[in-house]
Amino acid sequence: MIGTINEGKQDFKMIGYLDSRDDLVITAKGSLVARLYPSTDWPESIDITNIPHQMSMIINNNHHIGFTDDESSSDFEQRKDIAFNYLKNKWFITTPSFTYSDLGNRLFLNAFDVETLPQNPGTKASQVWFTRIPQFSVVNEYNRPNNQYQFEDALLKGKIIGDVVPWPTDASEAPRNIIWRKNDVEMFFYVGIEKQEKTTRGFAYFPKDGEKIRRVAITVDDADWLSSLLTLRGEDVTYVPQDIVQKYEKRATAFQPQQVVSTETNIVHKHSDNLATNEKNVIETEITKSSGASTIPIVNSNLNTSKQARFIQRFIRQTVQMGLHYNVKDLITFHTAMESNGLVILSGLSGTGKSKLVSAYAIALGIADQKTSSDRLCFVPVRPFWADDSDLLGYVDTVNSVYRPGDSGLVDTLLSAEKDPNNLYIIVFDEMNLARVEHYFSQFLSVLELSSDSRYIQLYNKQLGNRLYNQKKYPFRIKVGSNVLFVGTVNTDESTFQFSDKVLDRSNVISLHIVPFNQDFSSVQAPESEESMDTMKMSSEDYFNLIDKNNTEPLTSEERSLLWDIHSALNSKDRNLGIGWRIVQQIESFLISLPNIENGVSRGEAFDLQLVQRVLTKVRGSEELLRDLVGNEDDEGILIQIFDKYIGISKFTESRQVIQQKARELKLYGFTM
């Protein structure tokens, strides 16, 4: 030890960047090393006098960066070119490690446990300096607050608010700010901290004498903050550019913790004058065997979730009335996926009623009825010859100077939805995989990941508009708002195409379970007529307000750790295989949208289904690639071992069945289907 620097790995992390190709060197042993410039201050307790200006990262010792150097190649310059092209626009988050030469007169700085995050386009890394900020959220641990009120109350009273990993424990290392994180786009930023105290149960924070800790809310509108912060999965520290931190510090104001009244008695009492009688009572209608469950799921007596339950029960009754037989949990999963506002794909054998399920859902929403067609429910039969979006959307007839929309009616439906944002519209792509989805559906795949205010489909070049006679009826682009829901139905046979990862990344793929044929469906009494069912026509705002926003639970630290372990396992076999941030956010959105219903889908079951729908759909390939991941009859694969490790989250029943099926396919065919 020299000065105040301890040898070995440190209890904090640094961010660095690769400035130029010249910062890549090959050692005498043939290892490729990247020399990274720090973009974060060293902790106060570190004597920086003799610290090297750069951190040395041995490429092949850091597997999480997603790149492997070919050390067998004798072309050193080519190795550097390949590495630099991959690493040049990334931030490197690393645990630094100090070692000394044998004589003790030279300090070496190495980067370990390196992970990467992309830099924003146009970023000049040398001009960005990050501030470390501890972040807290609801976690199922004894030493963490259960809600924001408890967190703020403990913070202002100088009580323990929880642990932070990684964070130096020295009293001098108190952060200036901390964060309470509700989800990826909502958080609270606390300002004015000067001291910290560390116990075995975690940290307590204190302001400067005579002052108070202040607060500012971060929302989805704060794009500069949200687009700049860096956060690693499973860690309690986030990194925000210093200039952004200073900007939001100026906005902070004094506050008092606001306790949210959430008891069932208070909620019902507060709103009792406004509640319909059938929304106060717990519904216990029998649906017996046709659903695969003994009763229609019921709900706790809560204002928001009672509306949710009432709709789901109407949806279930509608399927019964139409002579359809589905597993109730499939219906709840479908509804939850639809509320998540992405692309929902219904998969299964031909004849399982995928298209009719969407029709039943539209009727339950009041979009359509069984007697007449509806302009707000558009079925688009996919044609095998479709090669690009002109086959779907239409084209400009330059000879006659008109725009000719596709014959599916999709363009007219989208135009109606744009003019009618208060009402819901459903677009159904029937037998979606008869043609290559990523070709004819390419524009939609791009816009579905954008916010509802930024989603536009372009019909033709804007410059052609003045030359078209019908350009007022068919403008050059159409806004696709959140009131438009997209569903695809697919069959799994030899006449169809497999989905690419680009499609799967943006979709919830739901495989419908077939209800046993020997059930006594005649015992189910459907309503005598449509009029005998309670009506529920809702606006798009009403629809998305079915979600109980007071009862939302974002991904926990343990759930994020599970996803990271699965990602690491997949990515170690194939760098193009893994779990991206988009999928993590969409899984969280699904769990937040999950109805809180008795006998419904539990959080553990929902998490299991999301792994099947969002992650395992992409586990495809040869026996050589997947053998260790999925295992065989004698040995459990890596994925099953991960499920066993996190058995407290879920039993992973559906995921295990999928893995077993893939193992059988590897044995029979040498690859997965």
Side-chain angles (χ1 to χ4, degrees), residues 287 289-293 296-297 308-371 373-374 376-382 424-434 484-493 496 499 507-517 519 521 524 526-527 530 533 536 538 543 546 590 593-595 597 600-601 605-606 609 612-613 617 654:
I287 193 167
K289 299 178 182 178
S290 72
S291 66
I296 292 178
Q308 184 88 291
R310 183 182 169 209
F311 169 73
I312 290 174
Q313 290 177 9
R314 174 177 168 81
F315 179 31
I316 295 170
R317 290 196 191 102
Q318 184 60 50
T319 63
V320 173
Q321 185 187 24
M322 294 172 65
L324 305 173
H325 307 295
Y326 299 106
N327 184 301
V328 164
K329 292 189 177 183
D330 280 349
L331 300 181
I332 296 174
T333 300
F334 173 70
H335 167 65
T336 306
M338 293 290 283
E339 278 192 313
S340 301
N341 204 19
L343 172 62
V344 180
I345 297 177
L346 295 174
S347 172
L349 298 173
S350 179
T352 50
K354 298 180 288 292
S355 300
K356 287 187 176 180
L357 173 59
V358 184
S359 295
Y361 192 70
I363 294 170
L365 285 170
I367 289 176
D369 60 55
Q370 290 181 255
K371 300 174 184 178
S373 61
S374 172
R376 291 164 56 200
L377 175 62
C378 178
F379 276 86
V380 179
V382 174
L424 288 170
Y425 287 72
I426 297 180
I427 311 293
V428 187
F429 293 91
D430 204 18
E431 299 197 54
M432 192 176 198
N433 57 339
L434 279 179
V484 182
L485 308 178
F486 292 95
V487 185
T489 69
V490 301
N491 291 329
T492 51
D493 56 43
T496 58
F499 289 123
S507 311
N508 262 300
V509 182
I510 301 174
S511 296
L512 296 177
H513 296 81
I514 297 179
V515 178
F517 305 140
Q519 289 192 0
F521 301 115
V524 180
E530 172 71 11
M533 298 175 64
M536 184 184 287
M538 63 181 72
Y543 177 71
L546 288 175
F590 185 92
S593 303
L594 185 69
I597 296 176
V601 178
E605 290 173 321
L609 289 171
V612 172
Q613 295 163 201
T617 51
E654 298 285 341

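Numbering starts at 1 and runs along the sequence shown.
Using a 4.5 Å cut-off on side-chain heavy atoms (C-beta onward), Gln313 and Gln308 make no contact. Two residues are said to be in side-chain contact when any heavy atoms from C-beta on lie closer than 4.5 Å; Val487 and Ile427 fail this criterion. Here the side chains of Ile312 and Pro595 are in contact, with some heavy-atom distance below 4.5 Å. Residues Val601 and Thr336 have side chains not in contact (no heavy-atom distance under 4.5 Å, counting atoms from C-beta outward).
Gln613 CD to Asn508 CG: the interatomic distance, rounded to the nearest 0.5 Å, is 5.0 Å. Separating the OG1 atom in Thr489 from the CG atom in Asp430 is a distance of 3.5 Å, to the nearest 0.5 Å. Here the CD1-NZ distance, from Ile363 to Lys356, works out to 11.0 Å after rounding to the nearest 0.5 Å. The OG atom of Ser359 sits 9.0 Å away from the CD1 atom of Ile426 when rounded to the nearest 0.5 Å. Here Leu331 contributes atom CG and Gln318 contributes atom CD; the two are 11.5 Å apart, rounded to the nearest 0.5 Å. Annotation: the span from Ser374 atom OG to Leu365 atom CG amounts to 11.0 Å, rounded to 0.5 Å.
Under a 3.5 Å cut-off, the side chain of Ser511 and the backbone N or O of Ser347 do not form any donor-acceptor pair. The backbone N or O of Tyr425 sits nowhere less than 3.5 Å from a side-chain atom of Arg376 that would complete a donor-acceptor pair.
Nearest heavy atoms, Phe590 versus Ser340: CA-OG, 3.4 Å. Nearest heavy atoms, Thr319 versus Leu357: CG2-CD1, 4.5 Å. Across every non-hydrogen atom of Ile332 and Gly600, the tightest pair is CD1-CA, 3.7 Å.
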From CA spacing to verdict: side chain to side chain contact (heavy atoms under 4.5 Å, CB included), Phe315, Phe334: CA-CA 11 Å; Phe315 179 31; Phe334 173 70; 3.9 Å; yes

Side chain to side chain contact (heavy atoms under 4.5 Å, CB included) assessment of Val490 paired with Leu346: CA-CA 6 Å; Val490 301; Leu346 295 174; over 6 Å; no

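Every side chain to side chain donor-acceptor pair (under 3.5 Å) that Tyr361 has, sequence neighbours left out, goes to His335, Tyr543. Applying the side chain to side chain donor-acceptor pair (under 3.5 Å) rule to Asp330 yields the partners His513; only residues at least two apart in sequence or on another chain are considered.
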